[in-house]
Amino acid sequence: MAKGRIEINEANCKGCTLCMIACPQHVIQMATDRVNVKGYYPAMLVDPEGKCTGCAICAVACPDVCITVYRQVSVRQSQAAAAGAG
Amino acid sequence: MAKGRIEINEANCKGCTLCMIACPQHVIQMATDRVNVKGYYPAMLVDPEGKCTGCAICAVACPDVCITVYRQVSVRQSQAAAAGAG
Amino acid sequence: MTISAVEEKVVYQRPESLSDVPTHYCPGCTHGIAHRLVAEVLDELGVRERTIGIAPVGCSVFAYKYFNVDSAVAAHGRAPAMATGIKRVLPDRVVFTYQGDGDLAAIGLAEIVHAATRGENITTIFINNAIYGMTGGQMAPTTLPGQHTTSSPGGRDIEITGFPVRMAELLAGLTGTAYVARRSLHNVKEINRAKKAIRTAFETQLAGLGFAMVELLSSCPTNWHLSPPEALQWIEDYMVPYYPLSDYKVIEPVQDLMKR
Amino acid sequence: MTISAVEEKVVYQRPESLSDVPTHYCPGCTHGIAHRLVAEVLDELGVRERTIGIAPVGCSVFAYKYFNVDSAVAAHGRAPAMATGIKRVLPDRVVFTYQGDGDLAAIGLAEIVHAATRGENITTIFINNAIYGMTGGQMAPTTLPGQHTTSSPGGRDIEITGFPVRMAELLAGLTGTAYVARRSLHNVKEINRAKKAIRTAFETQLAGLGFAMVELLSSCPTNWHLSPPEALQWIEDYMVPYYPLSDYKVIEPVQDLMKR
Amino acid sequence: MQEEIIFAGFGGQGVLFAGQLLAYTALAEGKHVTWIPSYGPEMRGGTANCTVVVSDEPIGSPVTKHPSIAVVFNNPSLEKYEELVKPGGLLVVNQSLITIETHRTDITIVRIPATALASEMGDVRLTNMLLFSAMLAQRPVVSLETAQEVLLEKLGARKAEMHALNLAALARGWELGREATPASESA
Amino acid sequence: MQEEIIFAGFGGQGVLFAGQLLAYTALAEGKHVTWIPSYGPEMRGGTANCTVVVSDEPIGSPVTKHPSIAVVFNNPSLEKYEELVKPGGLLVVNQSLITIETHRTDITIVRIPATALASEMGDVRLTNMLLFSAMLAQRPVVSLETAQEVLLEKLGARKAEMHALNLAALARGWELGREATPASESA
Amino acid sequence: MAVELMKGNVALAEAAICAGVQAYFGYPITPQTELLEHMAKRMPELGRAFVQAESEVAAINMVYGAACAGVRAMTSSSSPGISLMQEGFSYIAASEVPCVVVDVMRGGPGLGNIQPSQSDYFQLTRSAGHGDYHAIALAPASVQEAIDLMGLAFDLADKYRHLVFVVADGLIGQMMEPAELPPMQPITRRHDDWALTGADGRAPHVITSLQLNAPDLEALNQRLQAKLRIIHDTEQRSTEMLTDDAQLVVVGFGTAGRIAQTAVQQARREGMKVGLFRPITLWPFPEKRLSALADQVSAFLVVEMNTGQMIEDVRLAAGGQVPVTFYGRTGGVVPVPEEIYDAIRDLYRKLQSRPARE
Amino acid sequence: MAVELMKGNVALAEAAICAGVQAYFGYPITPQTELLEHMAKRMPELGRAFVQAESEVAAINMVYGAACAGVRAMTSSSSPGISLMQEGFSYIAASEVPCVVVDVMRGGPGLGNIQPSQSDYFQLTRSAGHGDYHAIALAPASVQEAIDLMGLAFDLADKYRHLVFVVADGLIGQMMEPAELPPMQPITRRHDDWALTGADGRAPHVITSLQLNAPDLEALNQRLQAKLRIIHDTEQRSTEMLTDDAQLVVVGFGTAGRIAQTAVQQARREGMKVGLFRPITLWPFPEKRLSALADQVSAFLVVEMNTGQMIEDVRLAAGGQVPVTFYGRTGGVVPVPEEIYDAIRDLYRKLQSRPARE
Ligand SMILES: Cc1ncc(C[n+]2csc(CCOP(=O)(O)OP(=O)(O)O)c2C)c(N)n1
Ligand SMILES: Cc1ncc(C[n+]2csc(CCOP(=O)(O)OP(=O)(O)O)c2C)c(N)n1
Ligand code: SF4
Ligand code: SF4
Ligand code: SF4
Ligand code: SF4
Ligand code: SF4
Ligand code: SF4
Ligand SMILES: [Mg+2]
Ligand SMILES: [Mg+2]
């Protein structure tokens, strides 16, 4: 499994929970301890075991484009991909 | 063949020729010697041989509802028809 | 069978639902035939006294003078809205609109589609003559590709103006419609078929089954620049192929009506 | 294959065609997803700099703030007319309208049908959320039978209001349309399919093939009185069956495009 | 000099074109001119008429209640316009189609059997040209020569035969107009 | 007597209902009253506020620049309305959510930790009732008794538990309102 | 009926119901929507017609249709929607069918916003649509008056077979105030002499605004104008306050007039001789009374929630006798009494510093 | 260009083409149709855009769109069609995009007829649609002036980014008269600073009339009003004849003004000191010049082909100084000089029998 992580733009998050529900790894949770400036409980990545695969499903599900997704790739692989695309 | 005749409301006729063209017996002609109040050459029944069958096709074709159609029917027949319809 | 005597019977005369006044239509214009068919159907169904007709803006704007029924003239394209207003407060009256292709398919498109999709229990007689007659022969939404009009002087160019719209097909696709048919007025056989469709359309309303429309291919000798017989031929040769004559929507209860 | 080093790559981030401002949409409203998909497609096609978007009157009236492209706000329902005006004078620009169901299917019905039947070379993104969102939840032409809204408080009664109108089917029936599809935004799989359709719709325009529309089933948690996840479920359970997801019209040259 | 001329008849009688010919001719002669049709409610058939004002000065009103000249092609037009012609004015009557009597004695009235003559000449559509030049013969609002030139120009690429026929009609109308004993004088 | 009261906060905080309760109560007491919301551009979230005018006389303007009372539920509302309260007026502050300082010394300012208290009482939605009756305690625009009756009526067929909770909130707010040391005095 | 706290939009709807409206057709638009929503609930309950139209264009033409059938029919909208109805208005006026239309005005031009405004004054009072006519326009300043004028609107519409506007704004539409509804009026058939109901035992009735022959259309216009003159002469309505000895009279309609009332009272408290004149009929504009006041006062101050529309009517009524000045807010900004007071005070001072008027 | 005999409608179309109109959108309606038909032929020939819209509502919104792209765009219609465009007008004015609209007015109200009329004066000059603004309105009285004003219309529209009406009537539209077209103007790109052309190398341009925040919309209105004040102060246009020593001045625009000219000349011939004032801009109304005349004359006689609309502006300009009387024909009836002369004579006699004005 690829390794990934996400960053959530908390200020823009509306706490709709759709990313949380979409994530196949169940590594997104809603904050309960804080609200953002708009008064929403933002989503957050809770991934102590590093289960996030960087699949970007959460980002696709998010109506507010709050999620940036990162994935770890081997340099060789990525070079190969880049070459292939050229 | 049933016998019939038609009356054409000359004043309303616009000389469009559609009745003439529609009549299967070719017994309608356009006047050439006179125009009506609107300046049209009206259609007229020219049926010296009594070929008109009263089929009403001309009336159906006339856009200006100028034509009244009469047909000769035997009284017996018509009574029978009336009885049948009762 | 012995024929005892011969009597002369009137087999065709002006229907009562048609006022006894000459129309302003051009010679050979089949608007007149459409009027007569509607009037005959109203007579036959015995509903003249409880019928309300809505005339459009178009050559048939004077339809109120010709139909011997209560009538109003709608704003251009809005006859279906006006009919809706009337029918909703007088549901037991027979309400019909009579509209041209500019009226129904251009400016009034939203109104007819929504009346239809609401299943408004009214009847629409739609005169498709592929032209704006009243204003002197401009392109209508139904003008055929290549057809010359005063606003498509080089012939309708589909690259620029798009395609003629087929209203019967369009309305038939809506769930709310009960009966939608296209007929033509270009010869006696078709005229008779048109009348049957018109009758079915009104019967649909009388049975409370919802929206019914009959599209009638109709001539405009004047703006087509053809003689009346040529104009009928043009319908047959050019319009019928583009606008096939058919029943496009007959919901089951209407099929039952038609069987009777 | 030996992996020599591990690097972190960005695999998803905000598209350039989307301005970096928060939207005013309610939590969970899929208007936001539709925006994002359009923006991604504009990015991918590299046309942002020559795109002109037309926002409607409706919840997406502020779309001009969110799309990072030249834009205008049309009068309610008139986006297709406005887009026509622009496209006719700037044929090499990419012009799209973004419209809600009240906007496109009610007040603007004539404009969308005529833009489509003219084969206007524009792209329409149609957000069907079965409700008037912006004005607080009244019945839309697309409101489902039985659905409760503020103007159908007892549930939409088809006897009185008629049937929801299926716009994709209706527009697909017009000769002028090149590509018409319906997609949904209720889960990730459908979102991805929606994006492909949006891409095809814009490619259709780029290839000069004529009018393209993608209808998107979209949520309105607020006026449906459901939580965002419930709202997505409601789309799946109730909207999709009434509004089947499919390609309704793909003219041949567009099929070729899709194969590439 | 200012003349207000009304041409009036049925649609299809060439009424509007007669007026336009006058207008074009006036323009060719450097005069001020206006031409307005009264466009009737009906598509066709029905009434057609137009008003032409020709003047040496810039023209104020292009309409008038009392024209100085009326050229009437049919009965309804006569009925309407005989009354209205200015005292001292001219009324040109299409004798062939007009069956009712005139009664004004304070204007010049000339009668031309234009439709009949036009038929004789081979084309009923020449009626308007006959009446037009008869009018000019009585009141040279513009010169016949210019009118002939303008007419040929307007007929343009049509057959030479047509040109000849129209010129003949203008000439014939002029003659008749000159010869005509005005009704007012004979009365 | 005329008082102009502004209730201001976020949508969802029961701001509009607090105003309506005041309006219904005023009506029940035979007073003249107007209630107007300022309906914001956004669907929801965003700002919600309403102005209530209560008077013994027929009411002219239902809006005012300078209310005699402002009940503010959140920071933006405090920022906006502290300035505007009439000298001698009253400002009721939801201490729980308002973090910024007040500075007026010519008005009475009372602070109620309403949201916190409401949560304590088991329903955060009681915030508005707490602030409402705190206001009444300071300025008896209407009587608490009538307000209680009207509230019960408005709650209608809801659970008895709800009734009790709301009444309790009104009572608690009243107490707090009476006890509160106005900031202006303490300042 | 008891006094209840009612929202303006709901009160307008319910008052129409009490007045026997049998058909409502409308299209949602803020800040009018509660009116439509109330009708959506109530009309079917009462077995009356409610249709949410596909647009304002359709709505007004549905009203036109229902009114042709002789029943009380109405629609409601807000500024952009009212613009879309202009053609329909013109047809209705020309056809002389009674219709009632509520305009809950909002900020413009264009899409503008949904805040209160009075900037439809021109399009409602001059000629709503093309052609020569004025609709009757009634402008309430309170929820109770909204109720009362709604009933009056239907009565005037029927009496004159004419189009009547009830001219509210977002503030009146959204405001709650105690008010009392009139008793529910029984539904009676009206207009059997011209309405479309089917030509049963009588000649067909025809309703049309078409008169292709110019003299016929001129005759129609003359008939219309004669009717409008009667309305003009008999239906002018206004209310005033403290005008008896006023040197300065503030003129404002609807919400602006009401807000000005507080400013005028304030000015009086400070010794200024100021009064308030509030037109209730915007057309016919209450020019008779205002002309009379022009003889007495030294100036008018017109207050509107627009850039100055009714001021033309005030100037026409004043006939150049007294200066007419203006204070207005636009774009949905509602003026507060304080700023109107300032305008009054400034003008009043100027007047004082001028020689008194004889 | 040579002087040619041209029909008004065709002249308007061709003049727009000379002025560089790049897009025409319209819908047929008598008596305007020849304009559309001419465009249908000419625009494609020139490679410019012509679309026969599905309705007037669509047409004006297409114009709005094309104008947003920075090109010269126009539509034309007649009274009922103009009513349908009111919402679009309001959006255009609020968005400050330059558009030109020709109204060839016909008899109303309602469907009315297709004869000439001037009864759209109110709906064109007051506020075309909801909200606070006035469009510029230019009224030609001859075919040549129609051509000239058509060019001016585009220039003013571009200069002020505003909506401009060319206000003709059926008579001007149908009349043939010698006139000369201006040279064909080269098409140049305009308005690159705000037009929608794609955000290539710059921040996106946005055109909207939405301002949800009331103070923002008020600011927009203030900007609009400031612009309108400039237009008001600088663009008043009128023409006059024989006014120097006139005691009675006839005021009429377009066709009515032109017909009145003949009546005035007749009156002069009979020794009456009568002049003619013909507003060319209906908005801004040429009140400066008319006010000046009000100081000189004893009375104004307003002549319109309606029941009295511009008379309000004349009365406002006259400011109560002199009596303003009215002569009008409606419903498509075109007044003839003779009847206007009678009205002049009657009024003049009355003036003579009154003590002279100092
Ligand atoms: C709002 C409006 N726009 C335009 C017109 C002008 N107009 C009158 S009839 C008509 C079109 C008529 O065409 P159609 O509906 O096809 O009827 P037809 O005359 O061909 O029977 C038009 C555009 C009008 N009266 N009102
Ligand atoms: C002419 C006009 N009529 C009505 C409105 C009010 N209005 C604004 S948005 C809207 C409907 C929005 O619904 P929809 O198009 O479905 O978009 P959504 O908000 O659901 O995305 C309406 C009726 C308006 N602005 N203009
Ligand atoms: S990238 Fe995939 S695994 Fe990671 S949080 Fe998002 S949905 Fe879950
Ligand atoms: S989907 Fe987006 S907006 Fe919704 S909770 Fe997740 S990050 Fe927040
Ligand atoms: S009734 Fe038949 S046969 Fe007789 S004239 Fe008519 S069409 Fe011919
Ligand atoms: S069809 Fe009718 S109108 Fe035509 S020629 Fe025959 S009778 Fe006359
Ligand atoms: S113009 Fe055409 S449609 Fe109209 S009456 Fe004449 S032939 Fe018929
Ligand atoms: S009201 Fe509905 S459509 Fe509008 S933003 Fe909210 S959820 Fe989305
Ligand atoms: Mg047609
Ligand atoms: Mg929607």
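Sequence lines set the chain letters: A, B, ... in the order given, protein chains first and strands last, and positions in each chain run from 1.
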### Query
For D:Pro221, is it the side chain, the backbone, both, or neither that has a heavy atom closer than 4.5 Å to a heavy atom of chain A?
neither
### Task
Specify the closest pair of heavy atoms between A:Lys14 and D:Pro27, including all atoms of both residues, with the distance to one decimal.
O-CB, 3.5 Å
### Over 12 foreign heavy atoms within 6.0 Å of OH, D:Tyr242
yes
#### Entry: Closest contact, heavy atoms only, A:Cys16 versus D:Gly28
CB-N, 3.2 Å
### Message
Please classify the contact of A:Ala56 with chain D as side chain, backbone, both or neither, using a heavy-atom distance under 4.5 Å.
### Response
side chain
### Task
Below 4.5 Å from any heavy atom of chain A, which atoms of D:Tyr66 appear? Answer side chain, backbone, both or neither.
neither
### Considering all heavy atoms, the nearest D:Ile33-A:Val60 contact
CD1-O, 4.1 Å
### Message
Shorter than 4.5 Å, heavy atoms on both sides: which option in D:Pro22, D:Ala39, D:Pro15 has the most such pairs with chain A?
### Response
D:Pro22
### Salt-bridge present (D:Glu8, A:Lys3; N to O < 4.0 Å)
no
### Task
Measure distances from A:Cys62 to the heavy atoms of chain D and classify the residue's part below 4.5 Å as side chain, backbone, both or neither.
backbone
### Message
For D:Val11 versus A:Gly54, what's the shortest heavy-atom pair and its separation?
### Response
CG2-O, 3.6 Å
### Query
Between CD of D:Gln13 and OH of A:Tyr70, what distance do you get to the nearest 0.5 Å?
7.5 Å
#### Entry: Toward chain A, the part of D:Leu37 with a non-hydrogen atom under 4.5 Å
neither
## Note on the structure
When rounded to the nearest 0.5 Å, the distance separating CG of A:Leu18 from OG1 of D:Thr30 is 8.5 Å
### Query
Has the side chain of A:Arg71 got a donor or acceptor atom that lies under 3.5 Å from a matching backbone atom of D:Tyr12?
no
#### Entry: Contacting moiety of D:Leu18, where chain A heavy atoms sit under 4.5 Å
side chain
#### Entry: Taking every non-hydrogen atom, the tightest pair across D:Pro229 and A:Thr17
CG-OG1, 3.3 Å
### Residue part contacting chain D, namely of A:Ile57, when any heavy atom lies under 4.5 Å
both
#### Entry: chain D contact via A:Ile6 - side chain, backbone, both or neither, heavy atoms under 4.5 Å
neither
### Query
A:Asp64 and D:Arg14: which non-hydrogen atoms are nearest, and at how many Å?
O-NH2, 3.9 Å
